[in-house]
Amino acid sequence: MQLVIAEKPSVAMALSKVLDAKSRGDGYMEGGGWLVSWCIGHLVELAPADAYDPRYSKWNYADLPILPEPWQYQVLPDTKKQFETLKSLMHRADVTALICATDAGREGELIFRLTYHLCGCTKPVKRLWISSMEETAIQKGFDRLLDGKNYDNLYAAALCRAKADWLIGINGTRLFTTLYQGKTLNVGRVQTPTLALLAEREAAISGFRKKKFYTVELELDGFHAASERFASKTDAGRLRTGCVGKPATVQTVSQKEKTERPPRLYDLTTLQREANRLFDYTAQQTLDYLQALYEKRLATYPRTDSRYLTEDMASGLPSLCQSIAASLPFAADLSLPVNAAQVIDNSKVTDHHAILPTAETAKTDLSALPSGEKNILFLAAARLLCAVGEPHTYAETAVTLECGGAVFSAKGKTEIAAGWTALEQAFHATLKQKPKQAEPSPPLPALTEGQKLTAEGASVKEGATSPPAHFTEDTLLSAMEHASAEDFAKLEDVERKGLGTPATRAGVIEKLVRSGFVERKKKQLLPTEKGTELIKVMPDALKSARLTAEWEERLGAVERGELSPEDFMAGISAMLTELIKGYQGVTVASAALSASGRTVIGICPRCGKNVVEGKKSFFCEGWNATPPCGFALWKNDRFFTGKRKELTRKVAAALLKNGRVAMTGLFSEKKGVLYDATVVMEDTGEKFVRFKLEFDPKTPKKKGN
């Protein structure tokens with residue numbers, strides 16, 4: 001009997017179907033000589049700081065840096081039952097081997113290995129490595145299982161990255177939060193330099209000074225020509241006057257035939273960018289929709305950084321494209337050649353190939369899909385058909401003319417063959433929100449050098465220089481992907497480039513928003529005052545993408561077996577120790593960082609931070625710390641609403657100060673009477689705070705009906 005462990009229940013169900021494991025157990029499937037179970041994402045994680053020492057539950061500069069040795073792990077409470085199921089299955093006497101079927105990449109390897117080790121399992125492991133949930137792809141994967149030991153270095157690199165992120169998050173966040181003695185100031189290896197990108201862009205916008213300029217535009221026979229820019233409106237007006245009705249002599253005519261090659265296939269980041277531009281989806285929404293399509297076997301693996309396919313996929317592309325085109329209403333009447341070689345490059349495929357729709361798409365009622373999933377599927381399908389299409393060719397004509405002693409220029413464009421753009425335009429025509437298109441350059445009339453034309457009219461056009469644009473999710477994802485490009489260019493065999501990975505960038509953006517460092521205004525992403533102030537006080541080592549470049553170089557060495565995990569972690573520890581020492585005795589002040597901005601009700605009994613009032617609860621300001629403090633007193637708590645009482649600010653303050661509060665007029669749901677009692681708060685550290693009643697024996701409970 002072999003035990004297959006997937007990352008999610010939905011994936012396990014797809015694997016079970018192929019393996020003919022039809023019998024359902026509690027947390028697993030069985031049949032055909034197989035057991036199939038799942039992890040529900042991360043079952044095991046690095047333990048919080050206070051697991052090493054209870055004093056770490058309070059945040060103090062004197063306790064930094066926190067450098068665990070040995071590292072400890074914990075099972076998440078919400079998934080403990082499934083962890084125990086996996087542990088029981090691993091130790092079944094009839095289970096002779098395990099198959100790691102979590103997502104094929106660093107994170108998937110980490111999820112499986114941490115669970116495997118914490119369960120105390122030593123049985124042999126094989127690896128399933130697939131990029132599609134189609135039944136044929138799953139079967140091929142099981143036919144060519146690999147030895148799990150081949151991925152030991154991948155796991156080592158994944159664990160190093162997780163530990164290093166823990167160290168930076170825990171120590172950096174506590175360092176700056178204790179320095180400013182106010183809001184929780186989350187610090188992260190990817191999060192902080194991403195915030196720096198936003199803050200730097202806003203600084204450039206606020207410091208921008210608009211400059212006006214003027215051009216003169218001639219009206220000629222069938223086209224317009226424009227002069228160079230003038231800083232003075234008077235000078236532009238003088239030229240306009242000198243040109244009206246005067247001859248314009250053609251000085252140069254050049255014509256070039258140009259080719260616009262088909263676009264590459266999507267990786268996750270480029271798909272997220274396009275979905276934001278066309279549908280206003282956030283990066284996280286796009287990832288969620290794509291993940292759902294993957295689990296429905298309609299799209300290939302989402303979290304990929306490759307935009308190419310492997311050679312073994314070339315032979316199947318024509319039939320895939322044919323079936324996909326037949327299922328797309330906008331592609332029905334178009335000629336769709338398949339130039340497979342344009343999308344094939346083994347050297348540019350790492351863990352997974354580019355995102356594709358699958359052959360299942362043609363067998364599925366697409367009208368039944370949720371609109372978000374359908375939009376993303378159509379986007380990926382249209383890109384596939386464009387990527388294998390013919391080039392777009394056109395002739396571009398450039399002309400210069402002399403009139404009134406100044407040089408004017410004009411450009412024209414004549415399409416020769418629409419090529420792949422015909423399919424793209426047909427797809428865009430189906431969208432409710434049409435994408436912005438560049439102003440077309442109409443064809444110019446036939447012109448020859450020395451030819452004289454008459455300037456039938458002339459006008460002065462006013463313009464102004466533009467500031468940099470605010471970031472959107474589209475442009476921020478691009479900036480994250482290309483951050484510190486000069487540093488990455490020096491590195492060889494780096495698994496990821498830029499800030500974060502395709503799989504994590506969406507989560508980083510969402511965390512910045514949740515933490516109050518960034519806000520969304522329509523499509524724009526803007527740093528808040530808190531975020532801007534945080535970047536001002538951050539050292540370059542934490543806000544520069546260079547750190548990520550250096551880490552990726554060393555993680556790549558760990559993955560290749562050229563650097564030991566111990567040496568990698570020693571470097572991180574040394575950097576943190578120096579960082580903490582650099583702030584010894586430093587006194588800082590920043591109203592934006594120190595002030596809460598909310599009414600403080602009391603002190604959190606769990607971590608000692610302020611408890612403030614929100615719309616729905618009185619919550620600890622450490623709710624988004626690393627690790628988060630989950631303390632909250634909910635205003636709609638069933639304990640109080642059932643007694644027809646409000647959890648007011650006064651009541652919450654008393655509970656936080658004394659742990660109890662005397663209340664009158666409590667309603668008994670069972671007896672329909674009112675009574676007085678003392679409400680006692682019992683906080684056991686669980687998700688919800690509990691309460692109980694204590695009665696004064698000298699005071700009657702009932703007050704009447």
Side-chain angles (χ1 to χ4, degrees), residues 42 44-49 51-52 64-73 102 104-118 148-175 187-194 305 350-351 483-484 487-504 508 539-582 626:
H42 285 271
V44 178
E45 64 176 16
L46 296 170
Y52 298 93
L64 302 177
I66 300 172
L67 304 171
E69 187 60 45
W71 286 83
Q72 297 180 26
Y73 305 88
T102 49
R106 272 188 192 165
E107 204 63 22
E109 197 69 25
L110 183 66
I111 287 170
F112 171 81
R113 296 286 188 115
L114 289 182
T115 304
Y116 176 83
H117 291 310
L118 201 61
K149 293 179 181 179
N150 293 352
Y151 298 91
D152 286 351
N153 289 337
L154 179 68
Y155 164 61
L159 188 57
C160 281
R161 192 204 296 252
K163 288 178 177 178
D165 282 338
W166 189 99
L167 289 173
I168 295 291
I170 292 291
N171 289 285
T173 298
R174 291 182 180 220
L175 169 62
V187 176
R189 177 179 62 93
V190 177
Q191 176 182 314
T192 302
T194 299
D305 66 344
T350 52
D351 292 343
S484 200
D487 294 311
F488 280 103
K490 302 170 187 174
L491 310 180
E492 295 182 3
D493 300 323
V494 173
E495 182 203 12
R496 304 284 186 234
K497 297 184 179 181
L499 291 171
T501 69
T504 60
V508 169
D540 288 342
L542 291 182
K543 65 183 179 183
S544 169
R546 181 184 295 271
L547 179 65
T548 291
E550 293 171 351
W551 278 27
E552 284 298 343
E553 179 183 32
R554 294 171 66 81
L555 285 168
V558 172
E559 195 167 318
R560 295 188 299 272
E562 300 167 0
L563 178 70
S564 73
E566 293 76 17
D567 287 344
F568 175 86
M569 295 307 303
I572 301 297
S573 298
M575 183 204 74
L576 275 172
T577 301
E578 287 302 309
L579 177 68
I580 302 299
K581 282 182 180 178
T626 306

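Worth knowing before you read on, the calculation uses all heavy atoms, side chains too, and leaves out hydrogens, waters and symmetry mates. Please read all numbers here as calculations on a predicted model, not as lab measurements.
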Inset, instruction - Indicate yes or no for a side-chain donor-acceptor contact from Trp166 to the backbone of Ala47 under 3.5 Å, with no hydrogens or angles considered. - result: yes
Legend entry - Shortest non-hydrogen contact between Gln191 and Val508, atoms and distance: CA-CG1, 3.8 Å
Output a table of donor-acceptor pairs, distance under 3.5 Å, between side-chain atoms of residues 562-576 and any protein atom two or more places apart or on a different chain; print 'none' if there are none.
from, atom 1, to, atom 2, distance (Å)
Glu562, OE1, Arg560, NE, 3.3
Glu562, OE1, Arg560, NH2, 3.2
Glu562, OE2, Arg560, NE, 3.2
Ser564, OG, Asp567, N, 3.1
Ser564, OG, Asp567, OD2, 3.2
Ser573, OG, Met569, O, 3.1

Legend entry - Spatial distance of atom CG (Leu118) from atom CD (Glu45) [nearest 0.5 Å]: 11.5 Å
Legend entry - Sub-4.5 Å side-chain heavy-atom contact between Arg174 and Ile66: yes
Inset, instruction - Report yes or no: does Tyr155 contribute a side-chain atom to a donor-acceptor pair with the main-chain N or O of Phe112 at less than 3.5 Å? - result: no
Legend entry - Gap separating the CG atom of Leu555 from the CG atom of Asn153, nearest 0.5 angstrom: 12.0 Å
Legend entry - Closest approach of Leu64 to Asn171 (non-hydrogen atoms, all atoms of both residues): CD2-OD1, 3.7 Å
Legend entry - Distance-minimising heavy-atom pair for Gln72 and Ala51: OE1-O, 3.6 Å
Inset, instruction - Write down the atom of Asp305, the atom of Pro502, and the distance for their closest heavy-atom approach. - result: CB-CG, 3.5 Å
Inset, instruction - Applying side-chain hydrogen bond (donor to acceptor under 3.5 Å, both in side chains), name anything that partners Glu578, two or more places apart in sequence or on another chain. - result: none
Legend entry - Contact check, side chains of Leu167 and Pro68, non-hydrogen atoms, under 4.5 Å: yes
Inset, instruction - Could you walk me through whether Arg113 and Asp152 pass side chain to side chain contact (heavy atoms under 4.5 Å, CB included), step by step? - result: CA-CA 9 Å; Arg113 296 286 188 115; Asp152 286 351; 2.9 Å; yes
Inset, instruction - Could you tell me whether a side-chain N or O of Thr192 sits under 3.5 Å from a main-chain N or O of Lys543, the two making a donor and an acceptor? - result: no
Inset, instruction - Kindly compute the distance separating CG (Leu110) from OG1 (Thr115), expressed to the nearest 0.5 Å. - result: 9.0 Å
Legend entry - Side chain to side chain, Leu579 and Leu542, heavy atoms closer than 4.5 Å: yes
Inset, instruction - For Pro65 and Ile580, work out which heavy atoms get closest and say how close. - result: CB-CG1, 4.0 Å
Inset, instruction - Kindly indicate whether the side chain of Leu67, heavy atoms from C-beta on, has any atom under 4.5 Å from the side chain of Thr577. - result: yes
Legend entry - Atom pair OG1/NE2 of Thr102 and His42 - distance to nearest 0.5 Å: 10.0 Å
